[in-house]
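Fair warning: this is a prediction, and the values are worked out from it, not measured in the lab.
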Amino acid sequence: MKYIFFVIIAVLTISCKNKENQIVIKGNIPNLPDGTMYLSNLEGDRIDSAKTIKGVFIITHKWNEKEPKYIKIDHIDKKGILRFFSFTTNAKYKGVAGWQTEAFLSDPTIVIDGNLKYDTLVAIQFPANRKPVTGPPLKAGQQTEAFYNIDGDLFENITPETFPIIKEKLIEYPFSYHLLYKVNENKNSFSPQQVDEFLKLFKGEITQSKTFRNLSAYNKKRFTEKNISLPSLENISGEKSAILDSKYKKHLVVFWASWCGPCRQEIPLLKKMYNKKDESIEFISISIDDDKNAWKKALSEEKMDWKQLIINDKDPNYEKIQMHFRLNGAIPYTVLLDNNSKILKSTVGLSSEKDLQDFIENK
């Protein structure tokens, strides 16, 4: 009898593990034509699919990921018409309630029950074979619930007022991977002390996750950041070069990549500002390209006459660069430093000529 008992326990344990490693999406959408529903990651890579018959479908996807991921769905009917889905959340975006997003999190069970709305994005013209639709209210697990109750722009423009709002959300949703991912993505926009406060508010199994552990380890190093020396980086000749030249009073450092459209779009403006800059300021561009050949090709095309360096996140020194320049990963990212390597200002995204001029003059 003991043997049978242990076998039953083992089977139940394996069964529970299997359930944890899969996602089930059940749909009953009466006004959805027959066709195929596709499950994708946010990059658009399709990872699973199921036939839809009279709006009914079920996708059972074996999930090898140990942490929840952002996913989305779209549908192609038998006439080849693509319907791409968004869902209405309980949160705001830019102060407007009812923020819509295509994304949800990979909770174990997700139910989509009800009719589609076709009146979304009415001001945008799409080809006849592409239709934006709003799905019925999504019934999912706690990860999507937390995601759908956090304002979509909470981490877009981080100010001193952002910190207490995030703390309130963490107290409400201490298990939220969405909050963990966003804090991790924006960790250098907060002080080490603030990130430490965030980390203390997470509860449960999320504190054993790889993302949580890596963020904790990174943040501990930030408390001793002043003792970390700034590394030399590879230049266009393949030699190691100091990032900052001490003979200049100020340094404008631009993080970019060959594949980044806004980065390339900003280069003509940087050239214009470089040609009329004061002699006391140094320009440096640091690429985060993985592909050095792509970087060199872009340099050949763009012909930037100032210091060009490269590093990527696989380099052991990347973490030091992240800490020193408060680089979160979003590019173009521009930093102004004084001759003591102290950050005076930083900004993300494209700049206008006036904004960049004011930025350089530290107005």
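The aromatic rings of F283 and W306 lie perpendicular to each other, with more than 60° between the two planes, well past the 30° mark. Ring orientation note: the planes of Y177 and Y181 are tilted relative to one another, at an angle of 30° to 60°. Using a 30° and 60° split on the angle between ring planes, H178 and F147 fall in the tilted class, from 30° to 60°. Ring orientation note: the planes of F198 and F190 are nearly perpendicular, at an angle over 60° on the 30°/60° scale.
Counting non-hydrogen atoms of neighbouring residues, nucleotides and ligands closer than 6.0 angstrom, the NZ atom of K139 reaches no more than 12 such neighbours. Within 6.0 Å of atom NZ in K345, more than 12 heavy atoms from other residues, nucleotides or ligands are found, so the atom counts as buried in its surroundings.
Between the side chains of E239 and S237, no donor-acceptor pair is found at a separation under 3.5 Å. A donor atom on one side chain and an acceptor atom on the other are not found under 3.5 Å apart for S86 and E102. Between the side chains of S106 and E65, not a single donor N or O lies within less than 3.5 Å of an accepting N or O.
Here the side chain of N28 pairs no donor or acceptor atom with the backbone of D113 at under 3.5 angstrom. Judged purely by atom type and a 3.5 angstrom limit, T52 uses its side chain to pair as donor or acceptor with the backbone of G35. Panel note: side chain N90, backbone N149; no donor-acceptor pair is recorded below 3.5 Å.
Considering K250, K342, H324 as possible partners of L337, the one that fulfils the side-chain contact (heavy atoms from CB on, under 4.5 Å) test is H324.
Hydrophobic clustering places L356 together with L336 (ILVMFWY residues linked when any side-chain heavy atoms are closer than 4.5 Å, directly or through intermediates).
Salt bridge present: R46 and D74 bring a charged side-chain N and a carboxylate O closer than 4.0 Å. Using a 4.0 Å cut-off between charged side-chain N and carboxylate O, E67 and K210 make no salt bridge.
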